[in-house]
Amino acid sequence: MLSGFVQRERLADARLLFERLPEKDIVSWNAMISGYAQNGNMIEAKHFFVESPCKDVFTWTAMLSGYAQNGMLDEARMVFDEMPERNSVSWNAMISAYVQHRKMVEAEELFNVMPCRNISSWNTMVTGYGQAGMIDEARRIFDKMEDRDAISWSAMIAGYTQSGHGEDALHLFIEMVRNGARMNRSSFTCLFSTCADIAVLECGMQVHGRLVKAGYGLGCFVGNALLAMYFKCGSIDEAYIAFCEISKKDVVTWNTMIAGYARHGFGDKALEVFDLMRKTGTKPDEVTMVGVLSACSHTGLVNKGIDFFHSMHQDFGLKPRAEHYTCLIDLLGRAGRLAEAKSLMKDLPFQPDATMWGALLGASRIHHDTDLGKKSAEKIFELEPDNAGMYVLLSNLYASSGSWAEVGKLRVMMRDKGVKKVPGFSWIEVNNKVHNFSVGDTVHPEKAKIYAFLEELDLKMKKAGYVPSTKLVLHDVEEEEKEHMLKYHSEKLAVAYGILNMTPTRPIRVIKNLRVCEDCHNAIKCISLIENRLIILRDSNRFHHFRGGSCSCRDYW
DNA sequence: CTAGGGTTAG
């Protein structure tokens, strides 16, 4: 009963009950301590700790992990040093405290000297190195393990995913299946997140199949992860089905749904879901509002977005954070209301950050305001001198107004500062295999076929009235050569490969690591009409659904 | 009653 109250965060009830207990044993004292500790009230926890007539390992460890979980690392260490006896849980709690504070040296020191390590100790270290981005160290620990459980595998897979090694994550998944490891809900959650990250829909669907086979429902995190996976893999229909199957929808479920529709350019749908969410009595949080505002932004619902921004505080008691201001600046900027966006930047309750200037830079790119773009970019350079993406954006801005001298200066700046442009690449999954393409790819085995097809397509497109927008290419080169370079952008190659190799009725899903360029965007619109295909492109910013010659972003991205 | 993994936005 007591721990039931504690677990449901009904600490006041727990306390009343505790005070009326005729006999308070050590377990009831410990329940109170851990209750306060885990709810962040270390003052009360300490109070009960001091008052408790006798203390065992549980008592001390509850205090230790309480301090650790509330960011009080030094206090946690003091408890650890003072405790009269320690079991493996205490050791693991202390290691976990270091891990949470990214102090891997201290964590490994303890790990090496602890008297008996169990599987949790190993798992904590793998997780720690994974989260710290030290993926080789994580693997070193993982490889040394004698026994692995579901958590060990998920920790390692999650480490690969979160450090951008999606393919290694999937390989390890295959190895895990081959090893006959049992999977639990968390392993599935983790796998969905990996599939979402690198957008491998077919693989994700197979994992979904395994989830069903294992007899797990869509409760807790798994359902939400599945939902996010379908959205991030570009399959809205499957996402909707998953949404319907999640019986207990929590705030994350709704947020995923709203943000998902928003990223795909279906702002109206996102707002419908937001409406439904409120009708079913789920209280929106800050993340919800980021989704709602970005839905308005991507759909061009400017006034509605401004209203939602104000309603945050008035109707939902939420204080707008930096993210929300960024959305608002983006919203105004995209709609061409640059003056309002600029004045909002001046009246911010805090210093504008790089992403806000980035939103302004994006807006000035769309509306060809070179001066504002230049000013924004300079601010970004001050705040983030190594941001390669910003050099490219500014460079394109100059190029589009023909200021080749400025473009040249930027290139020199990039070289002097050692800023490297992130190479663009695109990929597509066909028959369970991922095909990668880079600009002007020369390594794909079917390149001859792809290029021939693109040439052929090019003629048809010219007949249909398509004019390449060569001004966005970074260099000042001869027109013909520029056009040639554009034709071979990675997203075009991936799309061509998809058309050549996929059943005509199926959508072509392509993922690009950077933002799609304007010319490719125009070209793919045209291709969707000529070839009568649905082409779904995920770029670093959002989704584009090309169909019948137009895009779901309505050229507004 | 104490330790380990997982979901949404930018």
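A, B, ... follow the sequence lines: proteins, then strands. Residue 1 opens every chain.
In the set B:dG5, B:dA3, B:dG6, B:dG6 carries the atom at the smallest distance from any side-chain atom of A:Val222. Ranking B:dT2, B:dG5, B:dG4 by closeness to the A:Gln131 side chain, first place goes to B:dG5. Comparing B:dA9, B:dG6, B:dA3 by their nearest atom to the side chain of A:Gln162 picks out B:dG6. Picking from B:dG5, B:dG4, B:dG10 the nucleotide with the shortest atom distance to the side chain of A:Arg263 gives B:dG10. Comparing B:dG4, B:dA9, B:dT2 by their nearest atom to the side chain of A:Asn87 picks out B:dT2. The A:Arg321 side chain lies nearest to B:dA9 when the options are B:dG6, B:dG4, B:dA9. For A:Ala93, the listed nucleotide lying nearest its side chain is B:dA3; candidates were B:dA3, B:dT8, B:dT2.
Results of the side-chain hydrogen bond (donor to acceptor under 3.5 Å, both in side chains) test with A:Tyr36 over A:Glu44, A:Arg15, A:Lys46 single out A:Arg15 as the only residue that passes.
Annotation: cation-pi geometry satisfied between A:Arg86 and A:Trp91 (NZ/CZ under 6.0 angstrom from ring centroid, within 45° of ring axis).
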Exercise. Is there a side chain to side chain contact (heavy atoms under 4.5 Å, CB included) between A:Met312 and A:Val292 once you walk through the steps?
Worked result: CA-CA 11 Å; A:Met312 279 184 70; A:Val292 169; over 6 Å; no
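Counting distance only, with no hydrogens placed and no angle test, the side-chain atoms of A:Ser186 and the base atoms of B:dG5 include a donor-acceptor pair under 3.5 Å.
The six-membered or imidazole ring of A:Trp29 lies near that of A:Phe18, with a centre-to-centre distance under 6.0 Å.
If you take CE of A:Met176 and P of B:dG5, they are 17 Å apart, rounded to a whole angstrom.
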